[in-house]
Amino acid sequence: MADAIQNATVFSPSKKRMNPDDSDDFIAKKQPPPSSKPSWEDPVSALANARHEFGEHGGVNMSIEASATFTVMEPETLSRMFAGELGPDRDFFIYSRHFNPTVLNLGRQMAALEGTEAAYCTASGMSAISSVLLQLVSSGDNIVASQTLYGGTHALLTHFLPRSSNITTTFVDIRDLEKTEEAIVEGRTKVLYFESMSNPTLTVANIPELARIAHEKGVTVVVDNTFAPMVVSPARLGADVVVHSISKYISGGADIIAGAVCGPASLVNSLMDLHQGALMLLGPTMNAKVAFELSERIPHLGLRVKEHCHRALVYAQRMKKMGLKVIYPGLEDHPDHHLLKSISNKDYGFGGMLCLDMETEARANKLMNLLQNQTQFGLMAVSLGYYETLMSCSGSSTSSEMNQEEQELAGISPGLVRMSIGYSGTLEQRWGQFEKALSRLQDSGLLSKN
């Protein structure tokens, strides 16, 4: 790997030097002062402390670098860039499949959010997950993973990687720390993979203990934090790499597909290596215009997450009082409630997702139909983090890649309704819509009245 690319930093001056030999302390006229070290106490504080990128002409928002390719002032510069002598750490760019300045800035924000040394963003959450695993794991190696994962990730580990790369996965109940430790084979297992809050069953991972177990055996810990941005900071709890589907809470608009890899600078730069980088060579490139859109949404992510979580907690408490089988880690009777309280960031709540177990798919479908088409409580759609409430029956949708036995092991019942709680309308307005739909379901005879 070329040294300059390997050692590239994601925190660098933003104006290209006319002379590649200019000193590193050059700062353009409109360049903001260097930021202080990001806070490791609170994600919002860390984002506020991250460097603010100004526009080319002094605009308060950064400029969009929409170019696919980049020019140089001297012909020798190109060869020096391809030799690894000059790179994005000194603001020299080759091609946007490698590094792009606008995407790089979004990566800085993601690194601040997750408290990692570096981050880079991709065209989708699955591309972030698959690229990281392909970078860290080679043919003949093994991954130990939670048995409760997003269906697409489960399919990647169960079917695609064994066929394409001779990479096997051992699935375990990560709540059982002893069995997790037993599943890790020293020298062969390279990654321990799990979600901070599992999709869809909302099991909370004991990240500090899982990281300890993995690190004692020399294994890299990769955590998908899509369900819990702001709520949980896996890297601060011991995880080595954090991946995201930015399409969800971080976007917030259900209009963008994107992903992110947050971790050590050495990993991010290895992913972009010209010869062996999974992101560079497989090419799940984020469009600079998408990166700009997302960078404008991250500053108010904390406010949005707090409202998602607040409403989810209120709804879960009220649903429980109605006698419904509700799964939400903010409820004191949830088996992982105290664990989440002990590892979560203060004041952000317990997550914006909740599940209702209606036991049968027919009952789940009837409830969702009433909630969308008669009372307008929410929308039947996959994904999460939208300002409207989104609902889906997990077993027949986002977890359908898993067979019946795998779903049973993961704790996914046929009637499990996953809800991403939105914040549009007033809380009481939406709750009234839910109550009306539930009353109609009871009147239909599909649900008994308590």
Side-chain angles (χ1 to χ4, degrees), residues 10-11 14 35 38 43-44 46-56 59-68 88 93 96-116 118-129 131-132 224-231 233 235 241-263 268 271-272 279 283-308 348 352 383-388 390 420 422-423:
V10 294
F11 300 101
S14 65
S35 65
V44 166
L47 281 168
N49 285 331
R51 191 183 82 192
H52 185 97
E53 190 80 14
F54 290 103
E56 183 179 0
V60 295
N61 293 318
M62 69 173 173
S63 300
I64 302 173
E65 183 50 81
S67 299
F93 295 88
S96 280
R97 178 161 53 85
H98 186 234
F99 281 107
N100 173 281
T102 311
V103 181
L104 194 60
N105 189 66
L106 177 63
R108 292 189 187 101
Q109 290 176 294
M110 289 301 302
L113 170 65
E114 285 297 350
T116 58
Y120 205 69
C121 299
T122 66
S124 69
M126 282 305 302
S127 69
I129 294 166
S131 295
V132 164
D224 183 340
N225 201 31
T226 298
F227 267 37
M230 296 282 180
V231 177
S233 297
V241 185
V242 182
V243 292
H244 274 278
S245 171
I246 308 181
S247 317
K248 312 305 192 294
Y249 284 107
I250 292 169
S251 166
D255 58 342
I256 286 174
I257 301 294
V261 178
C262 310
V268 172
L271 284 163
M272 301 303 286
L279 288 180
T285 307
M286 175 179 280
N287 187 293
K289 296 171 185 176
V290 169
F292 175 83
E293 284 272 346
L294 290 166
S295 72
E296 296 296 289
R297 302 179 190 193
I298 287 182
H300 49 72
L301 174 63
L303 296 173
R304 291 187 280 116
V305 165
K306 286 181 179 181
E307 187 61 18
H308 283 297
Y348 291 98
S383 198
L384 51 129
Y386 190 42
Y387 53 82
E388 297 283 1
L390 302 179
S420 168
Y423 53 77

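Note that these values count all heavy atoms, side chains included, but never hydrogens, waters or copies made by symmetry.
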Q: Any chance you could measure Asn105, atom CG, to Glu65, atom CD, to the nearest 0.5 Å?
A: 12.5 Å
Q. Pairs in or reaching into residues 249-263: which pass salt bridge (Lys or Arg N to Asp or Glu O under 4.0 Å), with residues at least two apart or in two chains?
A. Asp255-Arg297
Q) Val290: what forms a side chain to side chain contact (heavy atoms under 4.5 Å, CB included) with it, not counting sequence neighbours? A) Ile256, Met286, Asn287, Leu294
Q. Quick one: CG on Leu384 to OG1 on Thr226, what's the gap to the nearest 0.5 Å?
A. 7.5 Å
Q. Could you give the distance from OG (Ser295) to CE (Met62), rounded to the nearest 0.5 Å?
A. 3.0 Å
Q | Side-chain heavy atoms of Leu301 within contact of Leu113, under 4.5 Å | A | yes
Q) For Glu296, what residues pass the salt bridge (charged side-chain N to carboxylate O under 4.0 Å, His left out) criterion, not counting sequence neighbours? A) none
Q: Mind checking side chain to side chain contact (heavy atoms under 4.5 Å, CB included) for Ala288 and listing every partner two or more places apart, or none if nothing turns up?
A: Ile64, Asn100, Thr102
**Q.** From CG (Asn61) to NE2 (His52), nearest 0.5 Å
**A.** 6.0 Å
Q) So, for Ala111 and Ala119, which heavy atoms are closest and what is the spacing to 0.1 Å? A) N-CB, 3.7 Å
Q. By side chain to side chain donor-acceptor pair (under 3.5 Å), which residues pair with Asn225, not counting sequence neighbours?
A. Glu114, Ser196
Q | Closest contact, heavy atoms only, Tyr386 versus Ala254 | A | CD1-CB, 3.5 Å
Q | Minimal non-hydrogen separation, Ala235 against Gly115, with atom names | A | CB-O, 4.2 Å
Q. Between Val44 and Gly302, what is the shortest heavy-atom contact and its length?
A. CG2-CA, 4.2 Å
Q: Would you name the heavy atoms of Ala118 and Val268 that are closest together and state the gap between them?
A: CB-CG2, 3.8 Å
Q: Measure across Ala258 and Ser247 and return the closest heavy-atom pair with its distance rounded to 0.1 Å.
A: N-OG, 3.0 Å
**Q.** Reported CZ-to-CD1 distance for the pair Arg108 and Ile298, which is rounded to 0.5 angstrom
**A.** 13.0 Å
Q: Could you tell me which residues satisfy side chain to side chain contact (heavy atoms under 4.5 Å, CB included) with Ser124, sequence neighbours excluded, listed by chain and number?
A: Met126, Ser127, Ile257
Q: Name all residues meeting the side chain to side chain contact (heavy atoms under 4.5 Å, CB included) criterion together with Ser131; count only those two or more places apart in sequence or in a different chain, and write none if there are none.
A: Leu271, Ala278, Leu279, Pro284
Q.
Could you tell me if the side chain of Phe93 sits less than 4.5 Å from the side chain of His98, heavy atoms only?
A. no
**Q.** With sequence neighbours excluded, residues passing ring-ring contact (aromatic ring centres under 6.0 Å, His included) with Tyr423
**A.** His308
(Q) Restricting to side chain to side chain donor-acceptor pair (under 3.5 Å), what partner residues turn up for Arg304, sequence neighbours left out? (A) His300
Q) Nearest 0.5 Å, what's the CG-CD distance between Leu104 and Gln109? A) 11.0 Å
